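Worksheet: one structure, shown below.
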Amino acid sequence: MRHLKGSDERVYRAVLGEASRQRGQLEMIASENFVSPAVREALGTVFTHKYAEGLPGRRYYGGCEFADQVEELARTRATELFGADHANVQPHSGAQANMAGYFAFLDPGDRILGMNLSHGGHLTHGSPVNFSGRFFEVSAYGVRESDARIDYDEVRETALRARPKMIVTGASAYPRTIEFEAFGAIAREVGAIHLCDLAHIAGLVAGGHHPSPVPHADVVTTTTHKTLRGPRGGLVMCREEHAKAIDRMVFPFIQGGPLVHVIASKAVALGEALSPGFRVYGRRVVENARLLADTLMGRGVRLVSGGTDNHLILVDLRDRDLTGKDAEQALERAGITVNKNTVPGETRSPFVTSGLRIGTPAITTRGIGPEEIRTIGGWIADILERPRDEDGIRRVRRQVGEMCAAYPLYDQLASST
Ligand SMILES: *Cc1c(COP(=O)(O)O)cnc(C)c1O
């Protein structure tokens with residue numbers, strides 16, 4: 001970073017501060033991860049200079065020979081990894097991938113059926129504060145009260161009643177396996193398009209640790225930066241018959257020029273995800289989450305749905321005198337970064353909440369294994385029991401620092417961030 005250091009001291013210091021923050025705490029936000037040095041290096045390349053509106057071989061600008069090469073690599077790697085017919089790797093984010101998926105099939109005023117936000121859905125699945133809730137009529141499905149799982153019979157009844165033009169599947173805070181096949185059957189029965197938003201679990205699907213939606217969905221959108229462990233960005237995949245409609249929505253309908261440096265980085269990440277090591281990584285993520293769930297439940301911590309099948313757990317704090325907000329802050333003081341989250345049947349505001357979402361993708365990338373997970377689970381349980389014990393929190397903070405030092409993140413960061 002010698003250039004930045006010399007030219008913009010304030011930005012340089014902020015980057016150093018962030019690097020040190022990431023190094024010294026346990027990153028347990030379920031939607032975050034650490035990319036490889038190669039993925040990060042691609043982000044800082046000269047491709048950031050390039051305009052490449054259009055698609056490989058059909059650009060609106062000259063000089064796209066090498067942009068074509070990286071985009072073609074990213075596209076073919078994505079289709080190979082997920083077994084999809086077609087991929088568009090240009091969406092700048094998951095939200096924009098969803099927007100492209102929606103507008104390829106829907107007109108304003110059409111009805112979508114998505115998962116209730118407070119039951120684990122995403123803002124882009126029909127929230128009134130998001131474009132999806134503004135442009136479309138929204139019906140929602142949720143989880144059963146008894147076991148906090150999606151009730152597919154109820155989804156079917158809701159779909160038969162609401163007759164949505166599109167059913168949106170996928171979630172941001174659902175710790176259980178999603179039966180995409182059942183959703184696909186319901187969508188066919190009611191004549192709806194099935195759009196699966198794979199954002200959180202894309203890496204688990206790629207590694208074979210969660211059933212794939214690809215055979216059961218018309219369109220699959222995802223982020224590339226969560227369990228897939230790539231740069232921040234989005235991706236849309238679809239069957240060949242929808243390829244043109246999807247491509248036209250990404251550009252020119254929603255976006256202008258693609259971020260070619262990010263596409264180059266997506267290509268690198270997708271290449272990594274095709275390697276055998278990525279399958280092992282995904283298995284460890286799931287094993288770590290399960291062990292964390294068992295450790296916490298062994299200490300009397302309540303989890304939504306009583307456990308997990310994937311990379312995240314949802315702590316239910318409703319039996320305690322503690323809000324999600326306060327729990328998040330106490331854990332942050334202890335060097336464990338998580339986020340407050342609504343729980344099904346939530347009564348508090350989204351800024352306060354009665355839950356915590358905790359994920360294992362990032363710490364697993366760092367090398368954390370079962371032994372450390374038991375220790376971390378113990379720390380979290382201690383803090384949830386005594387969130388106002390500042391001495392105890394300081395003690396955990398020290399131990400977290402030692403654990404982080406034992407699993408160094410980017411030794412090269414200091415010199416080359
Ligand atoms: C994270 C997420 C998104 C949004 O991704 P951004 O890149 O933040 O726009 C969309 N859908 C789901 C299910 C997500 O979890």
Side-chain angles (χ1 to χ4, degrees), residues 27-33 35 39 43 78 82 88-103 112-127 129-133 135-136 138 140-143 150 166-178 180 183 194-206 210 212-213 217 219-237 249-250 254-255 258-259 262-263 265-266 269 285 289 308 310-314 338-342 350 355 357-362:
E27 184 53 74
M28 299 187 80
I29 291 178
S31 50
E32 296 194 11
N33 214 330
V35 301
V39 166
L43 281 172
F82 291 99
N88 186 306
V89 296
Q90 295 188 1
H92 302 332
S93 70
Q96 282 175 301
N98 282 346
M99 199 178 216
Y102 292 166
F103 281 112
I112 63 172
L113 173 62
M115 192 172 191
N116 190 327
L117 181 61
S118 74
H119 288 206
H122 188 260
L123 283 165
T124 55
H125 298 182
S127 160
V129 300
N130 179 262
F131 79 89
S132 53
F135 285 130
F136 306 118
V138 178
Y141 59 87
V143 298
I150 295 169
M166 177 181 278
I167 298 179
V168 182
T169 62
S172 297
Y174 185 66
R176 294 301 183 171
T177 298
I178 301 176
F180 293 121
F183 273 114
H194 176 195
L195 180 145
C196 169
D197 176 352
L198 204 57
H200 258 263
I201 55 172
L204 303 184
V205 169
H210 187 288
S212 170
V219 196
V220 176
T221 61
T222 182
T223 52
T224 45
H225 49 275
K226 297 178 183 174
T227 51
L228 198 51
R229 212 160 63 173
R232 308 199 75 78
L235 168 65
V236 191
M237 290 171 286
M249 281 306 116
V250 176
I254 293 167
Q255 295 184 173
L259 310 175
V262 180
I263 290 172
S265 181
K266 285 172 181 170
V285 167
T308 179
N310 58 27
H311 63 298
L312 68 85
I313 60 174
L314 260 187
V338 301
N339 64 279
K340 60 181 175 286
N341 211 97
T342 53
R357 190 182 66 162
I358 309 180
T360 52

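Atoms within each ligand, like the ligands themselves, are counted from 1 in listed order. Predicted model only: the values in this text are computed from it and were never measured.
- In this comparison of Thr224, Val168, Thr223, the heavy atom closest to atom 5 (O) of ligand 1 sits on Thr223.
- Proximity of Lys226 to ligand 1, defined as any heavy-atom pair under 4.0 Å, is confined to the side chain (atoms from C-beta onward).
- Protein heavy atoms are absent from the 4.0 Å sphere centred on atom 8 (O) of ligand 1.
- Heavy-atom minimum distance, Lys266 versus Pro91: NZ-O, 3.0 Å.
- When each atom of ligand 1 is checked for a heavy atom of Ala95 under 4.0 Å away, the hits are 4 (C), 5 (O), 6 (P), 9 (O).
- For atom 3 (C) of ligand 1, the nearest non-hydrogen atom from the set Met115, His92, His122 comes from His122.
- A donor-acceptor distance shorter than 3.5 angstrom exists from the side chain of Ser132 to the backbone of Leu123, with no hydrogens or angles considered.
- For ligand 1, the atoms lying closer than 4.0 Å to a non-hydrogen atom of Ser93 are 7 (O), 9 (O).
- Every residue was checked against the salt bridge (Lys or Arg N to Asp or Glu O under 4.0 Å) condition with Lys226, not counting sequence neighbours, and none meets it.
- Counting atoms of ligand 1 from 1 in the listed order, those under 4.0 Å from a heavy atom of His200 are 15 (O).
- Of all atoms in ligand 1, numbered sequentially from 1 with element shown, those under 4.0 Å from a heavy atom of Asp197 are 10 (C), 11 (N), 12 (C), 13 (C).
- One N or O on the side chain of His119 and one on the backbone of Val143 form a donor-acceptor pair closer than 3.5 Å.
- The single protein non-hydrogen atom nearest to atom 6 (P) of ligand 1 is Gly94 N, 3.5 Å, given as residue, atom name and distance.
- Proximity to Ala199 (heavy-atom distance under 4.0 Å) selects the following atoms of ligand 1: 2 (C), 11 (N), 12 (C), 13 (C), 14 (C), 15 (O).
- The aromatic rings of Tyr102 and Phe136 stand perpendicular to each other, their planes meeting at an angle above 60°, with 30° marking the opposite boundary.
- For ligand 1 and Ala171, the ligand atoms under 4.0 Å from any heavy atom of the residue are 13 (C).
- Looking at Asn98 and Thr221, their side chains do bring a donor and an acceptor atom within 3.5 Å of each other.
- Contact annotation for His225 and ligand 1: only side-chain heavy atoms (C-beta onward) come within less than 4.0 Å of the ligand.
- A donor-acceptor distance shorter than 3.5 angstrom exists from the side chain of His225 to the backbone of Gly233, with no hydrogens or angles considered.
- His125 and Asp197 share a donor-acceptor pair across their side chains, judged by distance under 3.5 Å alone.
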